[in-house]
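Contents: one structure, followed by commentary.
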Amino acid sequence: MAALPPHTGINFTSTIHKDINLSTDPNKSDLSQPSKVILITGAGRGIGRSVALQYAAAGVATVIICARTATELDEVEQAIHSINSSVKVRKLPLDISNEEDVATAARKIKTEEGRLDVLVNNAGASDDWTPIGEGDVKQYWNTWTVNFKGTYLMLHGFLPLLVETAKEKNTLVDVVNVTSIGAHVITPGASAYQTSKFAMLRLTEFVQAEYGDKGVNCVAVNPGGVLTRMSAEVDAIRPMLTDTPDMCGGFIVWFTKGQRSWLSGRYLSATWDVDELEAKRSEIVQGEKLKMRMVV
Ligand SMILES: NC(=O)c1ccc[n+]([C@@H]2O[C@H](COP(=O)([O-])OP(=O)(O)OC[C@H]3O[C@@H](n4cnc5c(N)ncnc54)[C@H](OP(=O)(O)O)[C@@H]3O)[C@@H](O)[C@H]2O)c1
């Protein structure tokens, strides 16, 4: 695969990380968020699992872990408790692309938890990378169904509770949509995956436009290149899978620790140095950076 061009933000900060670091590691920095309820989709393995474990280290009140494979959720529950036994874990087996599953889950969390502070839309899927005219229609559409419809359904189901939490607790709440640096490039064969991740960037801007004034911060985060079950299937990106899953876990915990509404609606990368990112605040806000716009 060719080197990634600058517009992908590949070098947006001068330090580019490959692992969790001092400012994003809840074991080294104060990233505690004691009263929060966190919901993470795709938390059974890979990146979502690491996000859950970093929130455990940050000492949140409750972590709700979602995926379809119940046995993987059992393992993550144990791993969370071995890090922090006082974190409440709620396992929620569901298919994010199933309207009824998501609606039932949203009702259950509203009734039984009564609040939601952070929604991490991490679950995703990829197909075999094949040119448009040659691939399997069902596989192509499954990628869109999980990545876009699934994210939309989670937003549809949980935004009311997020808004209610922001209002009742007089705070900001956060939504993190896990996208990909692939959203910014056109890799022949990858149109299902890359268009779905590109569309998630605009969906993120819509959440900001519709819910920003109701206390909801929404960003899209590229987790870096991480060797996981999904990414291991794509031979073309194998050499790029050199980041740890904890890097993204720590980055998301860092993001939600602050009240970072100035980043809302934007694309972020977990590879970026967060202290440099903070230092670029006025450049980003005044320059309307990290949003998708046509060059004219
Ligand atoms: N790995 C990378 O280098 C990389 C790079 C850029 C972006 N990403 C993004 O990072 C996210 C996590 O991927 P990963 O690499 O960690 O992959 P992974 O290890 O295969 O994990 C994917 C997770 O999503 C869940 N999932 C898939 N379909 C689902 C559905 N319909 N309903 C509910 N849960 C579902 C899976 O659980 P079940 O199968 O049990 O449901 C699993 O827990 C994805 O959005 C991916 O696009 C990854």
Side-chain angles (χ1 to χ4, degrees), residues 1 4 8-10 18-19 39-54 64-77 79 91-102 104-105 119-127 129 139 141-154 157-158 176-185 187 190 192-201 203-204 220-249 251-252 267-271:
M1 188 179 278
L4 291 167
T8 60
I10 183 88
K18 304 201 77 58
D19 197 0
L39 190 156
I40 305 153
T41 66
R45 58 177 187 265
I47 292 160
R49 178 181 183 277
S50 283
V51 177
L53 300 193
Q54 294 308 324
I64 304 163
I65 48 176
C66 308
R68 291 165 304 178
T69 312
T71 49
E72 292 189 339
L73 297 181
D74 292 341
E75 186 281 324
V76 176
E77 178 184 39
K91 294 176 286 187
L92 211 52
L94 62 76
D95 179 346
I96 59 160
S97 64
N98 182 300
E99 194 177 337
E100 192 46 47
D101 275 12
V102 176
T104 304
L119 169 63
V120 182
N121 284 315
N122 162 77
S126 184
D127 50 329
W129 288 13
Q139 258 204 48
W141 215 240
N142 181 60
T143 299
W144 259 84
T145 303
V146 177
N147 294 353
F148 195 83
K149 182 184 176 190
T151 302
Y152 155 73
L153 285 178
M154 290 299 295
F158 286 94
V176 176
N177 295 326
V178 176
T179 180
S180 168
I181 197 165
H184 303 297
V185 292
T187 308
Y193 185 74
Q194 292 182 348
T195 59
S196 68
K197 292 296 183 180
F198 181 54
M200 283 173 70
L201 303 185
L203 188 62
T204 298
V221 170
N222 161 46
V226 182
L227 184 61
T228 62
R229 192 182 304 171
M230 182 197 304
S231 61
E233 297 285 317
V234 187
D235 289 340
I237 60 168
R238 268 292 177 103
M240 301 166 86
L241 304 177
T242 54
D243 299 322
T244 69
D246 288 346
M247 177 178 71
C248 183
F251 185 90
I252 291 174
Y267 167 93
L268 307 174
S269 176
T271 58

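Just so you know, ligand 1 is whichever comes first in the structure, and atom 1 is the first atom listed for that ligand.
- Closest of all the heavy-atom pairs between Leu39 and Cys66 is CD2-SG, 3.6 Å.
- For ligand 1, the polar-atom distance check finds no N/O of Ser180 at less than 3.5 Å from any of the ligand's N/O atoms.
- Residue contacts with ligand 1 include Lys197, since one or more of its heavy atoms lies under 4.0 Å from the ligand.
- Looking at heavy atoms from C-beta onward, Arg45 lies out of side-chain contact with Thr228 at the 4.5 angstrom threshold.
- Between Thr71 and Thr69, the side chains place no donor N or O within less than 3.5 Å of an acceptor N or O (distance only, hydrogens not considered).
- Taking a 4.0 Å cut-off on heavy atoms, Gly150 fails to register as neighbouring ligand 1.
- Close approach to Met230 involves these atoms of ligand 1, each under 4.0 Å from a residue heavy atom: 13 (O), 17 (O), 20 (O), 44 (C), 46 (C), 47 (O).
- Side-chain contact of Thr244 with Asp246: a donor-acceptor pair under 3.5 Å is absent, judged by distance alone.
- If you check the side chains of Thr143 and Asp127, you find a donor sitting under 3.5 Å from an acceptor.
- Proximity of Val146 to ligand 1, defined as any heavy-atom pair under 4.0 Å, is confined to the side chain (atoms from C-beta onward).
- Ligand 1 has an N or O atom lying under 3.5 Å from an N or O atom of Gly42, backbone or side chain.
- If you check the side chains of Lys18 and Thr242, you find a donor sitting under 3.5 Å from an acceptor.
- Residues Leu153 and Thr151 form no side-chain contact, since every pair of their non-hydrogen atoms from C-beta on lies 4.5 Å or further apart.
- Residue Gly124 has at least one heavy-atom neighbour below 4.0 Å for each of these atoms of ligand 1: 24 (O), 27 (C), 44 (C), 45 (O).
- Minimum heavy-atom separation, Asn147 to Met200: O-SD, 3.6 Å.
- Among protein heavy atoms, the minimum distance from atom 40 (O) of ligand 1 is reached at Thr69 OG1, 2.4 Å.
- The contact set between ligand 1 and Leu241, taken as ligand atoms under 4.0 Å from a residue heavy atom, comprises 3 (O).
- Heavy atoms only, all atoms of each residue included: Thr8 and Val185 are closest at CG2-CG1, 3.6 Å.
- Taking every heavy atom of Asp95 and a limit of under 4.0 angstrom, the matching atoms of ligand 1 come to 30 (C), 31 (N), 32 (N).
- The shell of residues lying under 4.0 angstrom from ligand 1, judged by heavy atoms, includes Gly225.
- Among protein heavy atoms, the minimum distance from atom 14 (P) of ligand 1 is reached at Thr228 OG1, 3.5 Å.
- Atom 16 (O) of ligand 1 has its closest protein heavy atom at Ile47 N, 2.9 Å.
- Residue Gly46 has at least one heavy-atom neighbour below 4.0 Å for each of these atoms of ligand 1: 16 (O), 19 (O).
- Atoms of ligand 1 found under 4.0 Å from any heavy atom of Arg45 (numbered from 1 in listed order, with element): 18 (P), 19 (O), 20 (O), 21 (O), 36 (C), 37 (O), 38 (P), 39 (O), 40 (O), 42 (C), 43 (O).
- Relative orientation of the Phe148 and Trp144 rings is tilted, given thresholds of 30° and 60° on the angle between their planes.
- For ligand 1, the atoms lying closer than 4.0 Å to a non-hydrogen atom of Gly224 are 2 (C), 3 (O), 4 (C), 5 (C), 6 (C).
- Closest to atom 46 (C) of ligand 1 among all protein heavy atoms lies Tyr193 OH, 3.5 Å.
- With respect to atom 41 (O) of ligand 1, the closest heavy atom belonging to the protein is Arg68 NE, 2.7 Å.
- Atom 7 (C) of ligand 1 has its nearest heavy-atom neighbour, among Thr179, Val178, Asn222, in Thr179.
- Among the atoms of Val226, some N or O lies under 3.5 angstrom from an N or O of ligand 1.
- Closest to atom 32 (N) of ligand 1 among all protein heavy atoms lies Ile96 N, 2.9 Å.
- A donor atom on one side chain and an acceptor atom on the other are found under 3.5 Å apart for Thr104 and Glu100.
- Close approach of ligand 1 to Leu94 (heavy-atom distance below 4.0 Å) involves ligand atoms 32 (N), 33 (C).
- Considering only non-hydrogen protein atoms, atom 12 (C) of ligand 1 sits nearest to Asn122 OD1, 3.2 Å.
- Side-chain atoms of Gln194 and Thr187 form a donor-acceptor pair, as typed in the model, at a separation below 3.5 Å.
- A salt bridge links Glu72 with Arg229; the closest basic N to acidic carboxylate O contact falls under 4.0 Å.
- Between the side chains of Asn177 and Thr204, at least one donor N or O sits under 3.5 Å from an acceptor N or O.
- Across every non-hydrogen atom of Ile181 and Leu4, the tightest pair is CD1-CD1, 3.8 Å.
- For atom 26 (N) of ligand 1, the nearest protein heavy atom (residue, atom name, distance) is Ala123 CB, 3.8 Å.
- Considering backbone and side-chain atoms alike, Gly48 places every N or O at 3.5 Å or more from each N or O of ligand 1.
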